[in-house]
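Sequential numbering from 1 along the given sequence is applied to the chain's residues. Every number for a ligand or one of its atoms is a count from 1 in the order of the listing.
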Amino acid sequence: MTRGILSVLVMMGISGVTAAESVSDWRKSADTPQKLERLIEALPNAANIMIEVGARYQNLYWAAKQGKWEFTAYQAEELKELIEKLQVVSPKRAATADGFLGAVFPMLPETIKMRDWKKFELAFEQMRHECMICHGKNEMGFVQLPVPRRATSPVLNME
Ligand code: HEC
């Protein structure tokens, strides 16, 4: 590396530190209402939550198919909590989310407790249908969900 580039890099480093120090940090300087407003803006939105729901959906299915029932139960619980979180961050979707929760729970966890793939598969199919019903009610009917062909969790080792 030439001396010229090196000194430019050093200067950038120094000015970077100065800039960072001079930035006002709302987490410290803002008053409480402003902080609350910022925190609300920083909450995950429906699109963020749905990416995670999609992953749980895949992992739920394959955990059961691999007979990993405790892991399946864990995926179902996390999925339920994500939908409950959606109700908090998106009040306009709370009612349709309630419809989903009522139709899917507790039936899905019950089939998991039975450790019966055939019963689980039926409950999963019903859930898949309910996911899409909610999409339809929220102007997202084009989000159609196929039965998962793979999972994302390293626990299921399918990548
Ligand atoms: C309360 C209604 C509701 C329920 C229940 C629901 N979704 Fe969604 N879903 C949405 C909404 C709204 C969006 C669009 C989010 C946005 O962009 O604002 C969405 C988007 C998605 C997406 C697209 C994400 C992307 O960008 O790739 C996937 C995948 C998804 N949902 C999966 C599921 C699965 C799987 C279930 C069932 C286990 C489910 N959803 C249940 C409302 C719901």
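Of all protein heavy atoms, the one closest to atom 12 (C) of ligand 1 is Arg93 NE, 3.2 Å. Atom 17 (O) of ligand 1 has its closest protein heavy atom at Ala47 CB, 3.4 Å.
Set against the non-hydrogen atoms of Leu86, the atoms of ligand 1 under 4.0 Å away are 1 (C). Heavy-atom contacts of Phe100 reach the following atoms of ligand 1: 5 (C), 37 (C), 38 (C) (cutoff under 4.0 Å). Each of the following atoms of ligand 1 lies closer than 4.0 Å to a heavy atom of Ile51: 25 (C), 26 (O), 27 (O). Distances below 4.0 Å separate heavy atoms of Ala97 from the following atoms of ligand 1: 1 (C).
Between Arg56 atom CZ and Met50 atom CE the span is 13.0 Å, to the nearest 0.5 Å.
Using bins of under 30°, 30° to 60° and over 60° for the plane-to-plane angle, the ring pair Tyr61/Phe120 lands in the tilted bin.
Protein N/O/S atoms found under 2.8 Å from atom 8 (Fe) of ligand 1, listed by chain and residue number: Met50 SD, His135 NE2.
Contact of the Trp26 side chain with the Leu39 side chain is registered, since non-hydrogen atoms from C-beta on lie closer than 4.5 Å. Contact check for Leu156 versus Asn59: side-chain heavy atoms found under the 4.5 Å cut-off. Here the side chains of Glu84 and Gln87 are in contact, with some heavy-atom distance below 4.5 Å. With a 4.5 Å cut-off on side-chain heavy atoms, Glu125 and His129 do not count as touching. Between Leu108 and Leu60 the shortest side-chain heavy-atom distance falls below 4.5 Å.
Counting heavy atoms under 4.0 Å from ligand 1, residue Leu79 touches it through the side chain alone.
Met140 and Leu101 are assigned to two separate hydrophobic clusters, defined by single-linkage of ILVMFWY side chains at heavy-atom distances under 4.5 Å.
Every residue two or more places apart in sequence or in another chain was checked for a ring-ring contact (aromatic ring centres under 6.0 Å, His included) with Phe100, and none qualifies.
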